[in-house]
There are 2 protein chains.
Amino acid sequence: MARSKGLSDSTCPVARALDVVGDRWSMLIIRDAFDGVRRFGAFQESLLIARNILTDRLKQLVESGVLDCVPASDGSAYWEYVLTPRGKALFPVIVTLRQWGEGNLFERGEKHSVLIDRTNGKPVPALALKNADGKALAMEETFVKKVEGR
Amino acid sequence: MARSKGLSDSTCPVARALDVVGDRWSMLIIRDAFDGVRRFGAFQESLLIARNILTDRLKQLVESGVLDCVPASDGSAYWEYVLTPRGKALFPVIVTLRQWGEGNLFERGEKHSVLIDRTNGKPVPALALKNADGKALAMEETFVKKVEGR
DNA sequence: CCGTATCCATTCCGATACTG
DNA sequence: CAGTATCGGAATGGATACGG
């Protein structure tokens with residue numbers, strides 16, 4: 001059941017991150033969680049995912065500290081799955097994925113959902129890379145410094 | 001060979017994005033491409049991925065317009081795989097994944113690779129969500145506005 | 001060196017049936 | 001409603017072997 005490909009001890013944070021949320025369902029579950037989905041059945045209905053797979057993914061996400069199990073707020077005997085601080089820290093990942101999809105995978109005029117800033121009702125501006133002085137930073141202006149070992 | 005789960009016509013840009021780069025290897029291939037890896041053998045050696053799977057993933061990424069095939073620069077009869085503009089637009093996704101990994105999946109003092117701004121030699125600052133006025137925006141201050149249909 | 005093709009094992013996933 | 005158990009098919013992955 002452990003899904004680790006052995007990336008979990010990689011010195012590359014991207015690889016470790018993908019080892020936790022890099023499968024086909026986890027990120028969608030997390031997206032729904034940001035959207036306010038909390039119940040097993042609600043995830044299932046939203047994602048049309050097989051129930052055994054959902055069981056497995058929820059378990060993994062709880063084990064990796066992304067989701068937390070809390071008693072259901074309606075007094076039923078079941079659980080609700082809510083984002084931990086670690087899970088909430090994934091928000092920028094979801095937002096950049098959204099931005100990339102919006103900008104690259106929709107035809108002109110094709111409709112899609114939009115992330116709104118509820119303090120002003122406007123769409124949330126794109127996340128862009130800045131350097132230490134707050135200036136725009138192009139990908140070509142960066143490089144990855146590897147750690148000594150490996 | 002088509003991997004689409006049928007999310008490719010979703011109105012959610014996150015779902016569409018994950019339909020293209022949401023499997024276990026694609027994002028790692030793209031990470032390597034940002035790192036300057038271009039050759040089949042170099043991807044294979046870096047990722048320790050089976051060659052048939054690598055063939056398949058490279059083909060998918062080319063088909064979806066993330067990578068481009070160009071004749072090898074060394075005059076050999078083969079190809080190099082380079083990021084298209086659409087592929088380069090994934091940089092913020094890689095960066096936020098990296099940030100999340102750095103902040104949440106490493107023990108204190110544990111070493112990891114670092115993204116460096118080569119114009120000043122300093123680590124690239126974290127990408128954070130801002131509103132239209134440039135002020136920090138918490139995840140709770142946002143919501144996803146769905147499109148009418150579905 | 002770059003891929004493709006094939007074989008086999010493992011994993012993933014969906015459907016369904018079942019339990020509380 | 002919330003999960004578990006099981007089964008079969010599909011996808012994935014590793015290890016070759018093969019050809020350009």
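Keep in mind it's a predicted model, so treat the numbers as computed, not measured. Atoms considered below: every heavy atom in the structure, side chains included; atoms not considered: hydrogens, waters and symmetry mates.
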* **Residue pair B:Gln99 / B:Leu127, side-chain heavy-atom distance below 4.5 Å** => yes
* Asked: When only distance counts, do a donor and an acceptor, one from the side chain of A:Asn52 and one from the base of D:dG3, lie under 3.5 Å apart?
  -> no
* **Protein-nucleotide distance (B:Leu28, atom CG; D:dG13, atom P), rounded to Å** => 11 Å
* To do: Go through the steps for B:Val62 and B:Tyr81 under the test side chain to side chain contact (heavy atoms under 4.5 Å, CB included), then give the verdict.
  => CA-CA 8 Å; B:Val62 168; B:Tyr81 301 89; 4.3 Å; yes
* **Sole candidate of A:Asp32, A:Leu28, A:Ile29 that passes side-chain contact (heavy atoms from CB on, under 4.5 Å) when paired with A:Ser46** => A:Asp32
* Rounding to a whole Å, what distance do you find between A:Leu54:CG and D:dA2:P? -> 10 Å
* Counting side-chain heavy atoms from C-beta on, which of C:dG14, D:dG13, D:dT12 comes nearest to A:Trp25? -> C:dG14
* **d(CG, A:Leu58; P, D:dC1) in whole Å** => 17 Å
* For the side chain of A:Phe40, counting heavy atoms from C-beta on, which of D:dG20, D:dG13, D:dG3 is nearest? -> D:dG3
* Taking for each residue the nucleotide of DNA chain C bearing the nearest heavy atom, is the 5' side occupied by A:Ile53 or by B:Tyr78? -> B:Tyr78
* Below 4.0 Å: OP1/OP2 of D:dT12 and any side-chain N or O of B:Arg57 -> yes
* **Nucleotide C:dG3, atom C1' - distance to CH2 of B:Trp79 in whole Å** => 12 Å
* Structure fact -> The residue, B:Arg51 or A:Tyr81, whose nearest nucleotide of DNA chain D is more 5′ is A:Tyr81
* **Separation of D:dG3 C1' from A:Lys59 NZ (nearest whole Å)** => 9 Å
* Quick one: is C:dT4 close enough that its OP1 or OP2 comes under 4.0 Å of any side-chain N or O from B:Thr55? -> yes
* Exercise: do A:Ser64 and A:Arg86 side chains pair donor with acceptor under 3.5 Å -> no
* Atom-to-atom span, CD of B:Gln44 to C1' of C:dT4 - whole angstrom -> 14 Å
* **Six-ring centre of B:Phe106, A:Arg16 cation under 6.0 angstrom, axis tolerance 45°** => yes
* **Protein-nucleotide distance (B:Asp56, atom CG; D:dG13, atom P), rounded to Å** => 9 Å
* Over how many whole Å does the gap from A:Phe43 atom CZ to D:dG3 atom P extend? -> 11 Å
